> 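Have a look at the structure that comes next, please.
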Amino acid sequence: MNSIGNMIRHSVVFKLRHESGSEKERAFLNAASRLAAIPGVSNFEWLRQISTKNNFTLGIFMEFDNSTEFDFYNQHPDHIDFIENFWKPNVEDFLELDFEAVNQG
């Protein structure tokens, strides 16, 4: 643990309103990939769901060293722009999970 908190893993699983492989899906994923450039974001990845156990089809995952960096990301103009211009118009359903590392011992 550092002086401003534990590592945070930000995960969002979702289903787009568009078909897999469509131009609209590609545009969304390209926009999402630009979130990796926001300072504090590390280990950014987006993945395609292969399980049939739920209806989510994609996931975006990233890590932050601490809550200060996570808060900075959430308030960053590029993140806010992505939410307003790509997320809200394109995402049908989602589940957001934000986990803090647990110190064992």
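We're numbering straight along the sequence, starting at 1. Being a predicted model, the structure only gives us computed values, none of them experimental.
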> What distance do Thr57 atom OG1 and Glu19 atom CD have between them, rounded to the nearest 0.5 Å?
11.5 Å
> Measure across His76 and Pro39 and return the closest heavy-atom pair with its distance rounded to 0.1 Å.
NE2-CD, 4.2 Å
> Restricting to pairs with a member in residues 78-90, which pass salt bridge (charged side-chain N to carboxylate O under 4.0 Å, His left out), not counting sequence neighbours?
Glu84-Lys88
> Strictly by salt bridge (charged side-chain N to carboxylate O under 4.0 Å, His left out), give each pair with a member in residues 90-100 just once, sequence neighbours left out.
none
> Is Trp87 isolated, or which residues cluster with it under the ILVMFWY side-chain rule of less than 4.5 Å, directly or via members?
Ile8, Val12, Phe14, Leu16, Phe28, Leu29, Leu35, Ile38, Val41, Phe44, Trp46, Leu58, Ile60, Met62, Phe64, Phe70, Phe72, Tyr73, Phe82, Ile83, Phe86, Val91, Phe94
> Does Leu97 belong to the same Ile/Leu/Val/Met/Phe/Trp/Tyr cluster as Val13, with side-chain heavy atoms less than 4.5 Å apart forming each link?
yes
> Which heavy atom of Pro89 sits nearest to which heavy atom of Arg17, and what is that distance?
O-NH1, 3.1 Å
> Tell me every residue that passes side chain to side chain donor-acceptor pair (under 3.5 Å) with Asn54, counting only those two or more places apart in sequence or in another chain.
Gln49
> Would you list the pairs meeting salt bridge (charged side-chain N to carboxylate O under 4.0 Å, His left out) in which at least one residue belongs to residues 25-45, sequence neighbours left out?
Glu23-Arg26, Glu25-Arg48
> Salt bridge (charged side-chain N to carboxylate O under 4.0 Å, His left out): which pairs involve residues 53-64, sequence neighbours left out?
Arg9-Glu63
